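Here the structure comes first, spelled out in structure tokens, and everything after it is commentary.
Values below: every heavy atom of this structure, side chains too, minus hydrogens, waters and symmetry copies. Below, read A as the first sequence line, B as the second, and so on, with proteins coming before strands; counting in each chain starts at 1. Computed from a predicted structure; not experimentally measured.
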Amino acid sequence: MGVTKKSKYLYLGLATTVMAGMLSACGGNSNDSSNSGNTNNAAQSNNAGSTQEKVNLRMIESLTSPARTELLKASIKRFEDANPNITVELISPPFDQADNKIRTMLGAGEDLDVLEVRDLTINEDVTNGYVENLEPYASKWADYATVSQAAKTVASIADKPYFIANGMYERQMFYRKDWFDAAGLAAPKTWEDVYNAGKKLTDPSKNHYGFSFRGGPGGNGYVDAIAQSYNGTNLDEADGHFLKDGKTSIYGTPEAKAALELYQKIFKDTAPADSINWGFAEQVQAFTSGVTAMLMQDPDVIGVLNEKMEKGTWASTFLPVGPTGKTFYGIGAAGWGMTSFSKHKDEAWKLIEFLSSPAENTAFCKAFGLLPIHSSASEDPVFQEGPYATLLEMNTKPEDYIPLKPNYSYTEIGDWGDVVMKNTQAWLLGQASLDDTLKILDKYWQDQKAKLAK
Amino acid sequence: MLVVMGGSAAHHFFNKGGLKFMETNVKAGSTENKAKKSRFSSQLWFIWLCLLPVIVLVLTFTYYPVVRGITLAFQDYNLMHVKNVKFIGFDNFKTIFHDNQFILALKNSLKWVFYSLIAQFILGFILALVLNKPFKGRGIYQGLVFYSWALSGFLIGLIFKWLYNSQIGVINDLLLRAGIIKTRIGFLSDPHWAMFSVISANVWYGIAFFAIMLLAALQSIPGELFEAADIDGAGWLRKLFNVIIPYIMPTIITTTLLRVIWIFSDPTLIYSMTNGGPAGLTNIVSSFMLSKVFGNGEYGLGSAVGIVMMIMLMLYTIFYLFATKSEKAGDF
């Protein structure tokens with residue numbers, strides 16, 4: 001072998017170091033957690049939070065954006081200042097991959113105490129037992145009384161809250177007031193108006209288009225919206241993909257066909273060809289950079305519009321209605337939940353409670369552009385004017401602008417966005433007929449309904 | 001030793017008192033053997049101990065994921081309902097082969113690999129031939145040309161996504177200004193352009209690989225071969241086909257083999273440029289797998305796609321090495 005005693009020890013040392021390194025790398029987290037677990041047990045036995053034992057909370061956000069992360073970090077800093085024995089490690093994955101990252105972390109049982117749960121993910125999180133029922137904590141929280149009913153409903157399954165919303169998302173229409181005024185157009189009220197105004201304002205030679213179309217990820221929200229508006233009063237408000245008869249899906253009606261025919265015209269005559277792939281970022285950027293004239297979005301874009309567009313060039317209006325004069329909108333929300341396997345539940349709740357307090361939540365919503373969760377906050381002058389005013393005014397007309405109740409009974413609709421995106425793209429590009437596309441969308445919901453009945 | 005000596009010789013050997021001598025020798029030999037054996041076994045455990053970290057690493061990060069991936073392919077493993085995981089036989093494979101999007105992704109993969117490889121190889125070879133001749137500033141130029149290979153595929157995808165953007169992209173802007181087009185082209189949204197656009201980004205990415213590898217091979221060709229070719233009056237084309245290409249053939253075979261595997265299995269460019277859209281027209285098998293796993297949390301289906309990919313690549317490798325009959329493949 002030719003191995004001297006000296007080099008033998010050297011090799012042995014090297015191999016031992018590598019093994020030790022590997023073992024410590026593999027076991028690092030569990031050691032940490034067991035240590036912190038002990039710390040937590042000690043803290044709990046001494047009345048949580050009252051000892052000087054350090055607790056490290058791991059928290060992950062889902063709807064990440066640089067500006068929002070900064071706001072969160074500032075809130076967390078205030079929390080840490082008020083609770084010197086708790087430190088918070090914020091994980092901020094890029095928006096597009098955040099839910100997958102959270103899903104993977106939860107599936108792997110990684111150390112995580114607080115997570116951002118969304119209306120889109122609450123069902124799977126609860127079904128898989130990943131998130132804690134917050135009822136025992138919320139029932140002792142004084143400020144829970146001022147949390148709006150809508151915020152409570154969207155965060156609950158079977159009347160048990162699984163997250164505390166950090167803001168409410170509700171779509172409205174933003175439009176280029178200067179372009180509309182110059183063309184002598186009024187703000188659009190119906191989907192037909194959206195098409196007519198959009199067509200008039202579209203001039204490809206100037207790179208001007210009418211509507212910020214979203215054919216890529218998240219585009220299902222728009223297909224649903226127009227189909228729901230056209231189904232009108234027949235729609236079941238508690239099960240937004242079915243009519244009141246409980247059998248017919250919103251894609252199985254002649255109204256749906258008329259709606260999607262108009263939707264196709266909007267794409268072809270008022271939107272850039274590229275928009276067939278657009279997601280949230282491209283859609284908003286097209287509006288802020290002066291390419292498109294209308295944008296249907298949540299209030300979280302208000303901050304970006306204020307920052308990137310000149311005052312007076314844009315305004316907001318109600319959502320477009322269908323032929324019956326009615327439209328439907330979902331109230332979306334994301335918020336802070338606690339993992340069921342957290343070893344620091346008391347501290348995690350302390351953080352959630354702090355972030356959800358009227359002062360913190362209102363400041364967060366004002367800065368980021370969301371509707372606050374506490375009913376008291378809507379009295380704030382900021383929410384009484386500008387783009388928020390049209391949103392709040394729309395809420396005062398529930399006979400025409402009808403909020404849909406969240407329906408969390410369907411547990412396997414995680415691929416709905418993908419199904420809509422691929423099939424509507426094929427149809428919009430002329431590779432599939434409208435009838436076939438409607439059949440696919442209708443069958444999807446019929447299958448879901450059938451699974452529910454089993 | 002006795003067997004080699006044969007019967008009579010052995011008899012003579014024993015009669016001459018050789019037995020005693022041999023016995024002593026055997027004793028000495030067995031002691032020596034024992035010592036050798038114990039030294040060998042002590043060295044053996046030392047060898048295994050030194051190899052242990054590597055064995056653990058390979059088992060943990062190569063074989064365990066493969067075994068887990070194969071298991072997942074036969075399970076209904078969906079992140080939406082991880083508490084309800086069960087074995088479902090070949091159902092995942094049946095599902096993907098009945099999915100039109102998967103069939104489309106298979107067809108797209110063939111186009112994606114074929115056109116990318118051909119263009120990367122030809123352009124990379126031309127570049128290597130140019131860089132093989134000394135000229136002023138060759139080192140700097142080489143560095144500039146090869147840097148694309150050092151970039152992440154995801155980043156390159158994002159850069160090309162903005163270059164091809166129909167509203168604010170540089171390419172549309174230049175074409176409009178030059179009067180070549182009158183209306184903007186949706187490079188990534190038009191079904192006629194989308195595949196071409198992603199392939200062109202992939203070509204740009206992969207040219208450097210072929211240029212680096214082929215240049216190294218070109219530099220190893222002995223000058224005498226060219227001198228002999230000159231004496232025989234061979235022209236440039238003759239030298240290319242009768243000297244250069246035959247000499248670097250092992251490198252060509254290995255690089256094209258590897259590149260096909262990499263192009264086929266790398267979804268990063270597609271993922272960052274179009275995410276398979278529009279309507280799955282740029283989806284390749286690997287990006288389809290990614291969308292199943294990360295888009296829908298369908299790990300079982302994703303793993304089944306992974307197994308299909310693995311089988312396809314194994315068959316391709318066997319066929320390719322057999323067809324090229326290159327026992328020298330890999331000899332740079």
Side-chain angles (χ1 to χ4, degrees), chain A residues 1 3 8 11-12 14-19 21-23 26 96-97 99-101 103-104 106-107 123-124 127-130 204-205 207 209 215-217 272-279 282 285-286 289 291-292 411-415 417-418 421-432, chain B residues 39-40 42-44 46-54 56-57 60 77-84 100-101 104 161 164-169 172-173 176 182-191 193-194 273-283 291-299:
Chain A
M1 278 286 288
V3 181
K8 197 171 177 176
Y11 290 139
L12 198 62
L14 189 68
T16 314
T17 312
V18 173
M19 277 301 285
M22 277 165 56
L23 290 173
C26 294
D96 286 344
Q97 290 124 47
D99 284 336
N100 289 325
K101 166 92 177 166
R103 212 174 261 160
T104 312
L106 291 171
N123 214 350
E124 82 183 71
T127 308
N128 289 324
Y130 293 146
S205 66
N207 203 19
Y209 293 88
D274 256 13
S275 61
I276 198 156
N277 278 338
W278 282 1
E282 292 91 348
Q285 195 188 32
S289 61
V291 173
T292 55
T411 55
E412 293 181 30
I413 54 168
D415 60 345
D418 199 45
M421 184 176 79
K422 287 189 175 138
N423 287 291
T424 54
Q425 282 181 340
W427 155 60
L428 291 170
L429 291 172
Q431 296 179 338
Chain B
R39 198 162 56 232
F40 180 70
S42 83
Q43 281 179 351
L44 197 66
F46 173 70
I47 292 166
W48 279 110
L49 195 71
C50 288
L51 285 174
L52 192 63
V54 180
V56 172
L57 269 175
T60 312
Y77 193 107
N78 190 325
L79 277 191
M80 308 284 171
H81 47 84
V82 281
K83 291 201 165 168
N84 196 20
N100 289 337
Q101 287 289 329
L104 181 62
K161 184 179 178 179
Y164 281 130
N165 187 297
S166 74
Q167 268 62 56
I168 52 171
N172 261 306
D173 195 47
L176 276 170
K182 284 183 179 163
T183 53
R184 291 166 189 274
I185 298 171
F187 284 108
L188 299 176
S189 56
D190 187 327
W193 283 99
M273 285 180 78
T274 61
N275 202 9
L281 290 172
T282 59
N283 227 1
S291 70
K292 286 288 165 203
V293 173
F294 294 118
N296 306 339
E298 291 172 318
Y299 278 67

*Would you mind telling me which of A:Asn100, A:Asn128, A:Asn277, A:Asp415 has the largest number of heavy-atom pairs within less than 4.5 Å of chain B?*
A:Asn128
_Does any backbone or side-chain atom of A:Asp274 lie under 4.5 Å from a heavy atom of chain B? Answer side chain, backbone, both or neither._
both
*Report yes or no: does B:Thr274 contribute a side-chain atom to a donor-acceptor pair with the main-chain N or O of B:Thr282 at less than 3.5 Å?*
no
*Taking the side chain as every heavy atom from C-beta outward, state whether A:Lys422 and B:Ser291 have any pair of such atoms under 4.5 Å apart.*
yes
*Do side-chain atoms of A:Gln431 reach the backbone of A:Ala426 as a donor and acceptor pair under 3.5 angstrom?*
no
*Results of ring-ring contact (aromatic ring centres under 6.0 Å, His included) for B:Phe187 - residues two or more places apart only*: B:Tyr164, B:Trp193
*asked:* Tell me which of these, A:Pro204, A:Pro272, A:Ala286, has more heavy-atom pairs under 4.5 Å with chain B than the rest.
replied: A:Pro272
*Drop me the distance from B:Gln167's CD to A:Trp278's CH2, to the nearest 0.5 angstrom.*
5.0 Å
_A:Arg103 and A:Asp99 ion-paired at < 4.0 Å_ = no
_Region of A:Trp427 that comes under 4.5 Å of a non-hydrogen atom in chain B_ = neither
*Go through the atoms of B:Asn165 and report whether side chain, backbone, both or neither lie under 4.5 Å from a heavy atom of chain A.*
both
*Counting only heavy atoms closer than 4.5 Å, note whether B:Leu281 contacts chain A via side chain, backbone, both or neither.*
side chain
*Of the backbone (N, CA, C, O) and the side chain (C-beta and beyond), which part of A:Asp418 lies under 4.5 Å from a heavy atom of chain B, both, or neither?*
side chain
